[in-house]
Amino acid sequence: MEPPASKSRVIRATLDLLSKSGLAGAGIKQVAAASAVPEGSVSQLFPGGKLELATVALEEAERGIGQWFREVFHQRKSIAGKVELLFTDAAKNVEASEFMKGCPVAAVTLDLDRDSERLRAVCRTIFLNWQDIIAAGLGEVPKAKRREAAELILATLEGALILSRAEGTKEPLLRGGRILGDALARRFQAVPPRRKAKSRRRRA
């Protein structure tokens, strides 16, 4: 039986490969080579094959990235400050990877085909859970609109990540965070309650 450390290495290697090249680049052979765990051992650890391995790796990404979202959106900052912080962090991360890594869940989603339909439900659930985490930290937004705002933040983040990787620069992320943060602040800024006009007494 392989030690727990081997399983952890396999999951980390899978996640790294998914972040770089999506589902197509995370086959059993590639994972075995990247994790330095024999191919037969990888198959024993994950008898469900590539599908099981990708699912477990994505669930690990859900926890890690979800915690990042919690840390950002539960700070005592304005909505603009939270959004800019999120995009700035993402810019630092993609730059540190030399623009080779993006969101593993987005990468897998783009690779889905008829044979990987089960993974669609996994990706969908992860994105919905992330939206819930973001929405919970949008106190300035009316409750009925928080989910929509969270979806917009996540969609803009994923799109800006793709542009940053394509252009080899973090500027799309920095611009996206700044513009989106300002737009959300204007849209959902606190409006002071209107004062009730004093009723005038009618003169007799």
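We're numbering straight along the sequence, starting at 1. When reading the values below, keep in mind they use all heavy atoms of this one structure, side chains included, and skip hydrogens, waters and symmetry mates. If you're wondering where the values come from, they're calculated on a predicted model, not measured in any experiment.
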Any sub-3.5 Å donor-acceptor pair from E60's side-chain atoms to V56's backbone N or O?
no
Testing I79, L86, L85, I133 for side chain to side chain contact (heavy atoms under 4.5 Å, CB included) with F73, which one passes?
L86
Atom CD of E117 with >12 non-hydrogen neighbours under 6.0 angstrom
yes
Is the shortest side-chain heavy-atom distance between L180 and F87 below 4.5 Å?
yes
Run L154 and E158 through side-chain contact (heavy atoms from CB on, under 4.5 Å) and show every step you take.
CA-CA 6 Å; L154 187 57; E158 296 291 0; 4.2 Å; yes
For [X] against [Y], the heavy-atom pair lying closest together:
X    : Y    : answer
M100 : R165 : O-NH2, 2.6 Å
A80  : D182 : CB-N, 4.5 Å
G181 : V83  : N-CG1, 3.8 Å
I126 : E59  : CD1-N, 4.4 Å
A91  : K170 : CB-CB, 3.7 Å

Not counting sequence neighbours, which residues clear ring pair (Phe, Tyr, Trp, His ring centres under 6.0 Å) with F69? List them please.
W130
Quick one: do the D113 and S116 side chains pair a donor with an acceptor below 3.5 Å?
yes
